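Contents: one structure, followed by commentary.
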Amino acid sequence: MSWSGVYSFVKRIPRGRVVTYGQVARALKLPGGARTAGRAMFACPSGRGIPWHRVIGAQGRILIREPQASLQRKLLESEGTQFAGLRVDMAAHEWKPARKKKKSGRKKRSHKR
DNA sequence: CATCTGACGACCG
DNA sequence: GCGGTCGCCAGAT
């Protein structure tokens, strides 16, 4: 499988921001959903500048096992991501991609409803 | 070719 | 809040 799309997506995640496997799966329309997203991350080649640690499980929970889990948490904290106990503060760090491909984002929220 | 497992998520008790 | 189960896809044995 070409996880290139997934890697590109992950690479676009801004520093101090995080996304869940489910979000990645939905944004890229991956078949199988979160599972496929997780597989893609596992197969993520190291040394490619891919911030794999910014991809976490639902509700900002780290699902992977050690020692990657500790490493991930360390990296996230190092980037400014704050942890609320054993999970990431999703309310403050959940990254919402504007578009699946291309850059540029645009918000159109007139104001609150 | 068949079966199990795995960086998941949602649902149920 | 926690634990167990099912569905989903791909790779490994």
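Please read these numbers as outputs of a predicted model, since none were measured by experiment. Proteins get letters first, then strands, A, B, ... in listed order; numbering begins at 1 in each.
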Watson-Crick or G-U stems of DNA chain B, 3 or more pairs, under 3.5 Å, by first number: B:2-6 with C:9-13, B:8-13 with C:2-7
Atom CZ of A:Arg26: over 12 foreign heavy atoms under 6.0 Å: no
Per-nucleotide protein contact string for nucleotides 4-11 of chain B, where B marks a base within reach and S marks sugar-phosphate only (heavy atoms under 4.0 Å, - for neither): --BBBS--
Rounded distance in Å between the P positions of C:dC8 and B:dC1: 22 Å
Check: A:Trp3 and A:Cys44 side chains under 4.5 Å, non-hydrogen atoms: no
Step-by-step side-chain contact (heavy atoms from CB on, under 4.5 Å) determination, A:Leu86 to A:Arg61: CA-CA 7 Å; A:Leu86 296 175; A:Arg61 232 215 242 141; 5.8 Å; no
Heavy atoms of other groups near A:Phe42 CZ, more than 12 under 6.0 Å: no
A:Arg54 side chain reached by A:Arg17 side chain, heavy atoms, under 4.5 Å: no
Audit row: A:Val55, A:Ile13, side-chain contact (heavy atoms from CB on, under 4.5 Å) steps and yes/no: CA-CA 9 Å; A:Val55 185; A:Ile13 303 176; 4.1 Å; yes
Side chains of A:Trp52 and A:Gln72 in contact at under 4.5 Å (non-hydrogen atoms): yes
Pi-cation contact, A:Phe83 with A:Arg73 (under 6.0 Å, within 45°): yes
